[in-house]
Amino acid sequence: MSGGSQQVLSTPLYDLIILGASGFTGKYVVREALKFLNPSPSSPLKSLALAGRNHAKLTEALKWAAHPLPPPPVPLLISDVAEPQSIRHLCTQTKLILNCVGPFRRYGEPVVAACVETGCTYLDICGEPEFMERMEAEYDEKAVESGSLVVSGCGFDSVPAELGLIFNLRQWVGKSVPNWVEAYVSLESNKGMAYNFGTFESAVLGVANAAELVQLRRSRPRRRRPMIPSPAPPKGPLIEHKKDLGIWGVRLPSADSTVVQRTFSTLAKNPQGLPALSQTSQHIQQRNEFWSSVKPAHFGVKICSKSYLQIRRFIIVGILIGMFAKTSFGRWLLLTFPSIFSLGLFKKGGPSEHDVQNASFKMWFVGRGFELIDDNENKGIVVEEGGYNKEIVTRVMGPEPGYVTTSIILIQCAFIVLTQREALPKGGVLTPGIVFGPTDLQQRLQENGISFDVISKNLKFQK
């Protein structure tokens with residue numbers, strides 16, 4: 001790095017800093033972190049600080065997160081992504097930055113740049129493909145050089161998709177081979193729930209900048225693809241009725257698919273995963289055994305609901321964003337009147353605490369593939385049209401996804417960085433699957449309310 005760059009202190013003041021702690025999602029992240037804050041040597045989190053632009057808002061966020069207990073003496077640091085020097089100063093005080101300041105395509109790059117420059121590790125909750133891929137293109141080599149791990153998507157986007165897919169693929173053992181895994185995401189609530197404006201803004205800006213993402217991908221070398229035995233099946237109808245799961249689904253643009261593609265591309269070049277910072281025989285064996293159990297497959301995502309009318313609502317909102325986000329005036333309308341153009345799905349105030357407590361998610365992974373049959377007892381098993389004779393269904397489920405589940409995931413990813421840094425890749429701009437797949441993240445999530453279950457493993461018999 002350049003001679004004028006700041007370096008992280010050998011003994012940082014804080015284990016981690018939550019940047020954007022006073023934001024709607026940031027305060028939930030703070031609340032989750034406070035559950036584990038303990039100065040004892042056995043604690044994964046002995047010290048943290050909160051950072052943002054406004055001291056009063058940080059104070060209120062800390063009070064909210066600590067309630068009903070009094071707020072602990074957590075340092076409140078003033079920092080602004082519009083002032084790169086202030087972000088670099090943050091990086092010199094910590095091992096790890098958790099960035100909750102979105103939309104990331106507007107505010108994320110200065111934080112990534114500062115972490116890469118100082119060798120600090122960076123995690124965020126981004127679900128914006130253009131930002132993630134642009135950071136990879138511009139900072140990956142520098143991050144490897146400085147030893148900075150930069151991992152976006154460490155929330156509901158895209159850890160349930162990556163770990164849930166890996167969990168399904170690891171069920172294909174022996175002579176069974178997956179070909180296609182479809183994820184069906186269902187967001188559930190006891191009552192109607194409006195989601196945070198920031199998510200809507202990210203979607204609008206994503207459509208607005210779609211051409212930039214296409215141009216970025218065309219400017220880069222073609223990604224290596226994994227070897228999958230058969231081509232992907234046809235996309236099928238726009239709206240699918242998944243009767244066995246009791247849901248309707250529609251395919252919508254998703255960061256999850258692009259993140260999974262990046263993970264598989266990395267594995268195509270590095271079949272045993274990326275080398276760990278400390279190449280001990282234990283780390284090598286653990287990584288090799290893990291990735292050798294993951295058989296790649298085509299992957300897709302559908303957003304689902306028990307209500308057909310709700311699916312039509314999703315489609316209409318998608319059409320409205322697609323129509324209006326392409327012009328500056330249209331974007332102004334969308335972002336000024338989000339509740340109208342999202343048919344009530346999003347509002348600037350976000351959901352109430354009661355709404356959040358009564359919401360949850362389920363994510364089914366339906367994998368189809370082949371089971372090689374070579375005995376007389378199973379002559380009735382046939383290959384279905386399209387070449388499938390086996391189906392494995394798994395499920396990931398947990399509490400409200402955008403704030404509660406996202407906070408649980410981000411904090412557990414942070415603890416793995418703090419306690420297992422030697423077993424993680426040296427550095428680079430990487431996906432959650434590549435960094436956290438071989439670790440105990442799934443177990444940690446299960447211990448904190450996010451479950452991974454095998455629903456069924458079926459061979460298809462001829463009638």
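Any value given below was found using the heavy atoms of this structure, including those in side chains, with hydrogens, waters and symmetry copies removed.
Nearest heavy-atom pair across Ser202 and Pro103 is OG-CB, 3.9 Å. Considering all non-hydrogen atoms of both residues, Val116 and Ala143 come closest at CG1-N, 3.7 Å. Residue Asp256 comes nearest to Ser158 through the heavy atom pair OD1-OG, 2.8 Å, listed as atom of the first residue, atom of the second, then distance. Between Ala66 and Pro72, the shortest heavy-atom distance links the atoms CB-CD, 4.0 Å. Across every non-hydrogen atom of Ser257 and Val301, the tightest pair is OG-CG2, 3.6 Å. The two residues Leu410 and Cys100 make their nearest non-hydrogen contact at CD2-SG, 4.2 Å.
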- [ ] Under the side chain to side chain contact (heavy atoms under 4.5 Å, CB included) rule, what do Thr394 and Phe452 come out as? Steps first, then yes or no, please.
- [x] CA-CA 7 Å; Thr394 56; Phe452 292 71; over 6 Å; no

TODO: Give the intermediate values and the outcome of salt bridge (charged side-chain N to carboxylate O under 4.0 Å, His left out) for residues Glu162 and Arg262.
DONE: CA-CA 11 Å; Glu162 289 231 89; Arg262 289 174 57 208; over 6 Å; no

TODO: Tell me, with the steps shown, if Val81 and Asn99 meet side chain to side chain contact (heavy atoms under 4.5 Å, CB included).
DONE: CA-CA 10 Å; Val81 296; Asn99 187 14; 5.6 Å; no

TODO: Apply side chain to side chain contact (heavy atoms under 4.5 Å, CB included) to Ser47 and Tyr14, showing your working.
DONE: CA-CA 5 Å; Ser47 62; Tyr14 315 110; 4.3 Å; yes

Open item on the list: Run Asp453 and Arg395 through salt bridge (charged side-chain N to carboxylate O under 4.0 Å, His left out) and show every step you take.
Closed with: CA-CA 5 Å; Asp453 303 295; Arg395 183 185 63 200; 3.7 Å; yes

Open item on the list: side chain to side chain contact (heavy atoms under 4.5 Å, CB included) for Leu169 and Phe365? Distances and angles first, verdict last.
Closed with: CA-CA 10 Å; Leu169 295 176; Phe365 295 80; over 6 Å; no

TODO: Please report the C-alpha distance between Gln215 and Arg218 in whole Å, then the side-chain angles of each, then the deciding distance to 0.1 Å, and finally whether the side chain to side chain donor-acceptor pair (under 3.5 Å) criterion is met.
DONE: CA-CA 5 Å; Gln215 183 178 4; Arg218 288 176 176 173; over 6 Å; no

TODO: Could you walk me through whether Ser152 and Asp124 pass side chain to side chain donor-acceptor pair (under 3.5 Å), step by step?
DONE: CA-CA 5 Å; Ser152 287; Asp124 72 29; 2.8 Å; yes

Task: Trp64 vs Tyr28, ring pair (Phe, Tyr, Trp, His ring centres under 6.0 Å): CA-CA, chis, key distance, verdict - done: CA-CA 9 Å; Trp64 180 91; Tyr28 280 92; 4.9 Å; yes

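A donor-acceptor contact shorter than 3.5 Å is absent between the side chain of Arg88 and the backbone of Thr118. Without hydrogens or angle criteria, Ser451 side chain to Gln446 main chain gives no donor-acceptor distance under 3.5 Å. A distance-only check finds no donor-acceptor pair linking the side chain of Gln420 to the backbone of Ala423 [under 3.5 Å]. In this structure, the side chain of Ser22 does not engage the main chain of Leu58 through any donor-acceptor pair within 3.5 Å. At least one donor-acceptor pair closer than 3.5 Å links the side chain of Asp15 to the backbone N or O of Lys46. Thr59 places a side-chain N or O within 3.5 Å of a backbone atom of His55 that can act as its donor or acceptor partner. Asn54 contributes a side-chain N or O that, together with a main-chain N or O of Lys57, makes up a donor-acceptor pair within less than 3.5 Å. Ser186 places no side-chain N or O within donor-acceptor distance of the main-chain N or O of Ser305, the cut-off being under 3.5 Å. Arg421 places a side-chain N or O within donor-acceptor distance of the main-chain N or O of Pro425, the cut-off being under 3.5 Å. Side chain of Asp157 to backbone of Ala255: no donor-acceptor contact under 3.5 angstrom is found.
Within the 4.5 Å cutoff, side-chain heavy atoms of Ile97 are placed close to those of Cys91. The shortest side-chain heavy-atom distance between Phe324 and Val207 does not fall under the 4.5 Å cut-off. Between Glu447 and Gln412 the shortest side-chain heavy-atom distance does not fall below 4.5 Å. In this structure the side chain of Phe156 reaches within 4.5 angstrom of the side chain of Val185, judged on heavy atoms. Ser148 is not listed as a side-chain neighbour of Tyr139, based on a closest heavy-atom distance of 4.5 Å or more. Considering only heavy atoms from C-beta on, Pro233 comes within 4.5 Å of Asn179 through its side chain. Within the 4.5 Å cutoff, the side chain of Leu149 has no heavy atoms near those of the Leu96 side chain. Taking the side chain as every heavy atom from C-beta outward, Pro438 and Trp291 approach each other to under 4.5 Å.
For Arg225, the CZ atom sits in a loose shell: 12 or fewer heavy atoms of surrounding residues, nucleotides or ligands are nearer than 6.0 Å. The environment of Lys242 atom NZ is dense: over 12 non-hydrogen atoms of other residues, nucleotides or ligands sit within 6.0 angstrom. Within 6.0 Å of CD on Glu141 lie no more than 12 heavy atoms contributed by other residues, nucleotides or ligands.
Residues Arg220 and Glu133 are not paired through a salt bridge, judged by the lack of any N-O separation under 4.0 Å between the basic side chain and the carboxylate. For the pair Glu182 and Arg251, the salt-bridge criterion is met [side-chain N within less than 4.0 Å of a carboxylate O].
In summary, of the residues considered (Leu163, Val159, Val396), a side-chain contact (heavy atoms from CB on, under 4.5 Å) with Ile450 occurs for Val396 alone. Test Arg331, Arg106, Arg105, Lys347 against Glu201 for salt bridge (charged side-chain N to carboxylate O under 4.0 Å, His left out) and you get one pass: Arg106.
The aromatic rings of Phe104 and Phe131 lie tilted to each other, with the angle between the two planes from 30° to 60°. Below 30°, between 30° and 60°, or above 60°: for Phe337 and Phe341 the angle between ring planes is between 30° and 60°, a tilted geometry.
Between the OG atom in Ser189 and the CD atom in Gln357 there is a gap of 11.5 Å [rounded to 0.5 Å]. We find the SG-CG distance between Cys154 and Leu441 to be 9.0 Å, quoted to the nearest 0.5 Å. Atoms OG and CG, from Ser328 and Leu333 in turn, are 10.0 Å apart once rounded to the nearest 0.5 Å. Rounded to the nearest 0.5 Å, atoms CD1 (Ile392) and CZ (Arg368) are 12.0 Å apart. Annotation: the span from Lys35 atom NZ to Ile408 atom CD1 amounts to 6.0 Å, rounded to 0.5 Å.
Counted by atom type alone, Asn209 and Glu128 present zero donor-acceptor pairs between their side chains at under 3.5 Å. A donor-acceptor contact closer than 3.5 angstrom links the side chains of His89 and Gln93.
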Can you give me every donor-acceptor pair (side chain of residues 311-320, partner residue at least two apart or in another chain, under 3.5 Å) with its distance?
| unit_1 | atom_1 | unit_2 | atom_2 | d |
| --- | --- | --- | --- | --- |
| Arg312 | NH1 | Tyr308 | OH | 3.0 |
| Arg313 | NE | Leu343 | O | 3.1 |
| Arg313 | NH1 | Gln310 | OE1 | 3.1 |
| Arg313 | NH2 | Leu343 | O | 2.4 |

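With Phe24 as the aromatic partner, Lys27 meets the cation-pi criteria of under 6.0 angstrom to the ring centre and within 45 degrees of the ring axis.
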